[in-house]
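Excluded from the calculations below are hydrogen atoms, water molecules and symmetry mates; all remaining heavy atoms, backbone and side chain alike, are included.
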Amino acid sequence: MYMMVGGGLLIGVETLNDAAKKVYGSGLLDVSKEVIQSIKLSFDFLKNEAAESCFLHCCLFPEDWDIPNEELMYMMFGGGLLIGVETLNDAQSRVDLLLDQLKARGLLLQGSSEGYVRMHDVVRDVAVWISQKDHVSYVRAGQSLAEWPRTIESEMQNYRWLSLMDNNIEDLPPDPMEYPKLETLILSDNEGLSNIPEIFFQHMGSLMVLDLSSIGMKSLPKSFSCLTNLRVLNLGKCYSLKDISHINGLKMLEILILDGAPVSIAPEGLGWAQNLRVINLGISVSFPPFLDNYFSKELPKFRRLERLFMNKFVGSFQELTSLRHLTHLFIYQVADMDDSSSHELVSPGSWPDRLLEFNICFLQNEPRYYWSLSNYRRVLQLMGTKPLAGWAKRLLAKTINLVLVEFQGTELISISSNIPSLAFSSLEHLRVVNWPNLTNLLGDELLLLHDQIPLNQLKQMTISNCPRLTNLTPSRLCQRSMQKLEELSIKDCPIMLELFPCDHKAHGMTELLLRLKSFTLQGLQRLQNVLQPFQCLPKLEGLTIRDCGMRYALSFETETVAMADPFPTLEVLDIKNCRGMREMISPHTSLQAPCFFQGLFSLKIGSCTRLTHLFSYKQAISMQHLSKLHIQNCAALKAVVISTEKKEEAY
């Protein structure tokens with residue numbers, strides 16, 4: 001229908017609704033006419049060229065597509081549609097504002113996650129009709145096309161934007177396409193497209209945005225040199241692309257994406273690339289570091305560079321000093337950890353202070369705990385086997401996600417540590433891995449403080465392979481800190497005796513970690529109890545226990561008879577390889593309060609070889625929400641439920 005309306009083939013048709021009726025028949029409900037008119041009216045009232053362009057750009061993507069805000073920004077910036085914008089950061093702010101306005105008017109929907117938007121199918125249909133009616137864009141995205149559409153080629157010559165994204169096109173026309181007005185061309189996600197004719201781009205001199213991502217080509221055609229106005233080139237996920245030598249004529253290129261492309265042939269010298277604002281080489285180590293070496297050797301010459309994404313950084317961090325516009329730096333692996341310039345004093349206002357987003361990894365042989373830009377930002381992954389670089393200390397002040405591996409300190413946060421205590425105050429995610437001498441998370445001087453200690457913004461924490469750590473943190477500090485913590489994982493700390501030791505006598509239930517939802521304990525062979533008497537995790541939903549030494553999942557040796565459930569909101573409990581566990585709840589605790597785990601929905605028990613039964617009869621009848629029970633490899637199990645009075649099996 002859109003092709004016929006755009007091509008003037010429906011004589012006497014003036015509205016989209018009339019066109020739909022003529023093409024599809026009278027099956028279109030009356031409500032559709034009202035909805036279409038409402039959408040068109042909302043578009044007309046935008047009265048803002050940038051907002052209109054942003055809206056129409058969203059219909060270039062297939063139906064139900066999660067549209068990245070960042071990708072929209074690149075397209076609009078490269079197409080010259082953001083008037084008065086000087087930097088990519090300003091461009092992203094402008095586009096985000098436009099998207100918020102469009103969502104507020106009901107023209108866009110929130111995507112599946114932060115940083116994405118979606119367009120309702122009906123809204124997209126109207127957007128396609130508007131853009132094709134005005135000869136702005138020709139859209140056939142996600143329609144399973146097997147070949148280039150040529151039925152109305154004469155009309156296509158007048159369009160500014162052309163999207164054939166996400167189809168099954170395997171071949172392009174051998175003759176040059178004469179599209180002198182075309183500014184944006186999207187051929188991405190045609191994975192069977194393995195070859196582009198050499199003269200294909202010969203008459204596309206106005207092209208400014210070209211997306212060839214996720215196609216199967218091995219090299220760029222010679223006619224690439226004709227794209228003298230091209231500003232954005234996306235070759236990401238072209239997993240067969242080896243040769244980009246014909247890129248050397250793109251003097252105006254500002255945004256270059258080569259994420260996942262195993263390129264091994266490139267132009268001699270980088271004179272063509274002096275205007276680049278974005279170099280995205282991805283974060284995969286599966287390909288040879290040709291592109292990393294290629295761009296690293298002349299990095300100081302990219303004086304307009306704002307965003308750099310590299311697999312492996314082979315230069316000196318001192319070279320970044322000349323990149324005065326750099327705001328985003330993502331490096332999967334730092335090659336030279338002994339770079340002497342990295343330990344020089346960093347002057348105020350230098351490149352670390354200008355960074356807005358970063359993910360820099362110093363880990364060599366450890367797994368990379370990489371957090372992607374869309375979900376996690378401001379990431380440092382540091383090895384303690386080398387002195388901490390001066391610029392890294394500057395970045396710590398604004399780091400949100402921190403990984404610390406193989407440090408030799410006895411305390412994680414202390415006045416004497418080479419990591420400033422204030423660096424922990426803004427963290428949202430923390431991983432501490434392979435600290436052989438760690439005995440305490442907090443130094444003694446911090447334990448004496450009455451003010452709120454660091455980690456007050458923390459949402460996720462992992463402590464792994466710290467063989468000398470005996471506890472996590474005193475319970476009184478859990479009441480003053482880590483109140484935003486949602487996920488906690490403690491692994492491979494073999495002499496840990498207790499998690500939250502009490503240093504004062506409890507007179508009532510003490511609620512710890514008020515937002516904690518997920519708790520994992522693994523490899524804690526000497527741990528006796530998850531919690532101490534009168535301790536409670538009020539919002540915990542999931543608890544996983546693996547390879548721990550406890551005899552009971554719950555055991556409170558206290559004389560009181562008024563013991564409340566320490567896990568009132570627990571829904572999922574998973575216990576495995578706790579070979580010393582005899583019962584779920586100790587007999588003494590069960591007699592005190594037989595109504596634990598009342599909200600439990602799913603229970604999995606595996607390889608607990610000494611476990612004889614799960615619950616007493618009184619305890620079992622209080623677990624009215626239990627819907628899933630899975631027991632495996634528990635050789636000593638005689639019964640799931642027993643009667644505590646007669647010691648007989650009930651089930």
Side-chain angles (χ1 to χ4, degrees), residues 487-488 499 508-522 527-546 548 550-558 560-651:
E487 297 180 31
L488 177 59
L499 300 173
M509 290 302 291
T510 301
E511 293 188 342
L512 309 176
L513 307 176
L514 299 183
R515 296 188 186 180
L516 189 68
K517 295 181 179 180
S518 176
F519 198 5
T520 298
L521 304 171
Q522 179 175 321
L527 185 68
Q528 296 301 308
N529 298 298
V530 177
L531 297 177
Q532 302 300 310
F534 298 106
Q535 290 182 344
C536 173
L537 296 173
K539 298 296 183 182
L540 190 67
E541 297 175 0
L543 175 60
T544 300
I545 303 174
R546 295 273 195 277
C548 291
M550 57 188 65
R551 296 179 63 186
Y552 310 100
L554 278 182
S555 177
F556 299 138
E557 301 302 325
T558 176
T560 181
V561 295
M563 182 64 65
D565 189 349
F567 308 116
T569 61
L570 190 67
E571 297 178 356
V572 178
L573 177 58
D574 190 347
I575 302 176
K576 190 174 183 179
N577 291 334
C578 294
R579 302 185 184 280
M581 182 174 290
R582 299 178 182 273
E583 301 179 32
M584 288 289 296
I585 304 172
S586 70
H588 183 75
T589 305
S590 185
L591 288 174
Q592 290 175 329
C595 297
F596 296 110
F597 303 124
Q598 294 185 62
L600 199 64
F601 172 79
S602 172
L603 175 61
K604 292 183 179 180
I605 307 288
S607 301
C608 296
T609 54
R610 295 188 180 183
L611 188 66
T612 58
H613 67 274
L614 297 188
F615 303 110
S616 68
Y617 176 76
K618 290 183 178 180
Q619 170 64 41
I621 61 175
S622 70
M623 300 170 64
Q624 297 296 311
H625 297 283
L626 188 63
S627 300
K628 297 181 179 180
L629 176 61
H630 181 83
I631 305 173
Q632 185 176 9
N633 297 332
C634 296
L637 190 71
K638 296 180 179 179
V640 174
V641 179
I642 64 169
S643 169
T644 54
E645 295 179 357
K646 298 182 179 180
K647 299 293 183 181
E648 296 176 352
E649 298 178 9
Y651 300 101

Side-chain donor or acceptor of Gln619 paired with backbone N/O of Ser616 under 3.5 Å: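 Absent.
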Main-chain N/O of Ala636 paired with Thr612 side-chain donor or acceptor, under 3.5 Å: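 It does not hold such a pair.
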Gln598 and Met623: CA distance, side-chain angles, deciding distance, side-chain contact (heavy atoms from CB on, under 4.5 Å) verdict: CA-CA 5 Å; Gln598 294 185 62; Met623 300 170 64; 5.9 Å; no
Which atom of [X] lies closest to which atom of [Y], heavy atoms considered:
X      : Y      : value
Gly542 : Leu540 : O-CD1, 3.6 Å
Pro568 : Pro538 : CG-O, 3.9 Å
Asp565 : Cys536 : O-SG, 4.2 Å
Ile605 : Leu614 : CG1-CD2, 4.3 Å
Gly580 : Arg610 : CA-CD, 4.3 Å
Met584 : Leu603 : CE-CD1, 4.3 Å

Distance from [X] atom [atom1] to [Y] atom [atom2], nearest 0.5 Å?
X      : Y      : atom1 : atom2 : value
Leu543 : Phe597 : CG    : CZ    : 7.5 Å
Phe567 : Phe596 : CZ    : CZ    : 9.5 Å
His625 : Phe601 : NE2   : CZ    : 11.0 Å
Ser622 : Phe615 : OG    : CZ    : 8.5 Å
His613 : Arg582 : NE2   : CZ    : 12.0 Å
Ile545 : Ile575 : CD1   : CD1   : 4.5 Å

side-chain contact (heavy atoms from CB on, under 4.5 Å) between Ser555 and Ile585, worked out: CA-CA 6 Å; Ser555 177; Ile585 304 172; over 6 Å; no
For a quick test of your reading: what N or O donor-acceptor pairs under 3.5 Å do the side chains of residues 511-522 make, sequence neighbours left out?
none

Side chain to side chain, Pro566 and Leu554, heavy atoms closer than 4.5 Å: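 Heavy-atom side-chain distance check passes, below 4.5 Å.
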pair Ile621-Val641: side-chain heavy atoms closer than 4.5 Å: no
side-chain hydrogen bond (donor to acceptor under 3.5 Å, both in side chains) partners for Glu487, two or more places apart: Gln460
Selection residues 570-580 - residue pairs positive for salt bridge (charged side-chain N to carboxylate O under 4.0 Å, His left out), sequence neighbours left out: Arg546-Asp574
Derivation of the side-chain contact (heavy atoms from CB on, under 4.5 Å) call for Leu531 and Leu499: CA-CA 7 Å; Leu531 297 177; Leu499 300 173; 5.7 Å; no
Evaluation steps, side-chain contact (heavy atoms from CB on, under 4.5 Å), between Val530 and Met550: CA-CA 9 Å; Val530 177; Met550 57 188 65; 4.0 Å; yes
